[in-house]
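This report refers to the structure that appears directly beneath it.
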Amino acid sequence: MTEQSAPTTTAGGPGGSTARGEQTRQLILDTAMRLFRERGYARTTMRAVAQEAGVAVGNAYYYFGSKEHLVQEFYAGTQREHRAAADPALARERDFGPRLAGVLHAGIDVLSPYHAFAGAFFKTAAEPTSPLSPFSAESSAPRDMSVALFREALTGSTVKVDDELREALPELLWLGYMGVVLYWVHDRSEGQVKTRQLIDGVVPLVDRLVGLSRLRVLRPVTRQALALIHTLRH
């Protein structure tokens, strides 16, 4: 599945790091995303991307060493957009529930233009050994960016959380977000309205559970859950 060539680089391209080089790099990425939507991931080659973008194949490989590098750049770009889209809710809200809902809805807002393409792409990303999996080592940078966004949603709120749970909760929220994205991929309702309903229904439950985590009677359950997470992680 992987097309290998010269190592990828984020330098400006042949001729140095220039504005023109960055434009070429973005053109290659945008062209690849369009072809992924039109032809599917498996049927899109680096040669086809280069041809459609009007650049030499070697030039395309200069910027992106493989199709996987293109997708990882797409991951990083959408995560930056997600962060920007969540800013208004994070700036406006102090209660945890509305902050979490704002982050989740912002993520779906950013992904919405890619819904038609998401189903075919998910077949590749769902492979446990695929570097395109959101759980892969190759995806660690955008994954860390996403976890950090959920950490900000938590730490910037007024909610009081069990100290041990506070450390693990951002990653748990990210895992929940992955579940929402999976539902969104398969959501065929108009405008994926059911995904929005899922978010609006689940967030109050999460908010309440997080708020109750400090109650003495629930601490043994919290410790058991954290121990299980630690076991599965290691």
- Message: Checking Lys194 against Arg188 for the side-chain contact (heavy atoms from CB on, under 4.5 Å) test, could you report, in this order, the C-alpha distance in whole Å, the side-chain angles of both residues, the deciding distance, and whether it holds?
- Response: CA-CA 9 Å; Lys194 288 186 177 180; Arg188 292 296 177 262; over 6 Å; no
- Query: To the nearest 0.5 Å, how far apart are CG in Leu173 and CG in Leu100?
  - Reply: 5.5 Å
- Ala60 and Ala50: which non-hydrogen atoms are nearest, and at how many Å? CB-CB, 3.9 Å
- Query: Can you tell me how far the OG1 atom of Thr45 sits from the CZ atom of Arg39, to the nearest 0.5 Å?
  - Reply: 7.5 Å
- Please report the closest heavy-atom contact between Trp184 and Ala118, naming both atoms and the distance. CZ3-CB, 3.7 Å
- Are side-chain heavy atoms of Arg151 and Val147 found at a separation under 4.5 Å? yes
- Item | Check: Arg143 side chain, Ser136 main-chain N or O, donor-acceptor pair, under 3.5 Å | yes
- Closest non-hydrogen contact found for Thr31 with Ala53 is OG1-CB, 3.7 Å
- Straight-line distance of Phe135 CZ to Met178 CE, nearest 0.5 Å: 7.0 Å
- Message: Within a 6.0 Å radius of atom CZ on Arg94, are there more than 12 heavy atoms belonging to other residues, nucleotides or ligands?
- Response: yes
- Message: Taking the ring of Tyr114 and the ring of Phe74, is the distance between their centroids below 6.0 Å?
- Response: yes
- Item | Side chains of Phe150 and Leu169 in contact at under 4.5 Å (non-hydrogen atoms) | no
- So which heavy atom on Leu149 is nearest to which on Ala86, and how close? CD1-CB, 4.3 Å
- Query: What pair of heavy atoms forms the shortest contact from Ser139 to Pro131, and how long is it?
  - Reply: OG-O, 3.4 Å
- Item | Main-chain N/O of Gly191 paired with His115 side-chain donor or acceptor, under 3.5 Å | no
- Rounded distance [0.5 Å steps], CG in Asp200 versus OG1 in Thr195: 11.0 Å
- Side chains of Glu127 and Ser133: is there a donor and an acceptor less than 3.5 Å apart? no
- Query: Donor-acceptor pair, Ser146 side chain versus Pro142 backbone, under 3.5 Å?
  - Reply: no
- Message: Test your reading of the model: is there a side-chain donor-acceptor pair from Arg99 to the backbone of Glu152, 3.5 Å cut-off?
- Response: yes
- Message: Side-chain heavy atoms nearer than 4.5 Å, only ILVMFWY residues, links allowed to pass through others: does that put Leu29 and Leu27 together?
- Response: no
- Task: State whether the number of non-hydrogen atoms from other residues, nucleotides or ligands found under 6.0 Å of Gln51 atom CD is greater than 12.
- Result: no
- Query: Are Met145 and Leu172 in one and the same hydrophobic cluster, where Ile, Leu, Val, Met, Phe, Trp and Tyr link if side-chain heavy atoms are under 4.5 Å apart?
  - Reply: no
- OH of Tyr75 to CD of Glu68: how many Å apart, nearest 0.5 Å? 10.0 Å
- Query: If you group Ile, Leu, Val, Met, Phe, Trp and Tyr by side-chain heavy-atom gaps below 4.5 Å, do Leu165 and Val202 land in one group?
  - Reply: yes
- Task: Provide the closest heavy-atom pair for Val159 versus Arg166 in the form atom of the first, atom of the second, distance.
- Result: O-NH2, 3.6 Å
- Would you please classify the geometry between the Tyr177 ring and the His82 ring as parallel, tilted or perpendicular, with 30° and 60° separating the classes? tilted
- Message: Within the 3.5 Å criterion, strictly below it, is a donor on His69 or Ser66 matched to an acceptor on the partner's side chain?
- Response: yes
- Cation-pi geometry met for Lys67 and Tyr41 (6.0 Å, 45°): yes
- Message: Looking at Asp109 and Arg196, is any side-chain nitrogen of the basic one under 4.0 Å from a carboxylate oxygen of the acidic one?
- Response: yes
- Just by modelled atom types, is the Thr44 backbone N or O under 3.5 Å from a matching donor or acceptor in the Arg47 side chain? no
- Message: Rounded at 0.5 Å granularity, tell me how far CZ in Phe64 sits from CD1 in Ile28.
- Response: 6.5 Å
- Between the side chain of Asp95 and the main-chain N/O of Gly97, is any donor-acceptor distance below 3.5 Å? no
- Task: Check whether any side-chain heavy atom of Val71 lies under 4.5 Å from a side-chain heavy atom of Phe36, and answer yes or no.
- Result: yes
- Item | Side-chain donor or acceptor of Gln72 paired with backbone N/O of Ala141 under 3.5 Å | no
- Query: Would you say the side chain of Ile108 lies within less than 4.5 Å of the side chain of His105, judging by non-hydrogen atoms?
  - Reply: no
- Linked, directly or transitively: Leu104 and Val110 (ILVMFWY side chains, under 4.5 Å): no
- Message: Is it the case that over 12 heavy atoms from other parts of the model lie below 6.0 angstrom from the CD atom of Glu167?
- Response: no
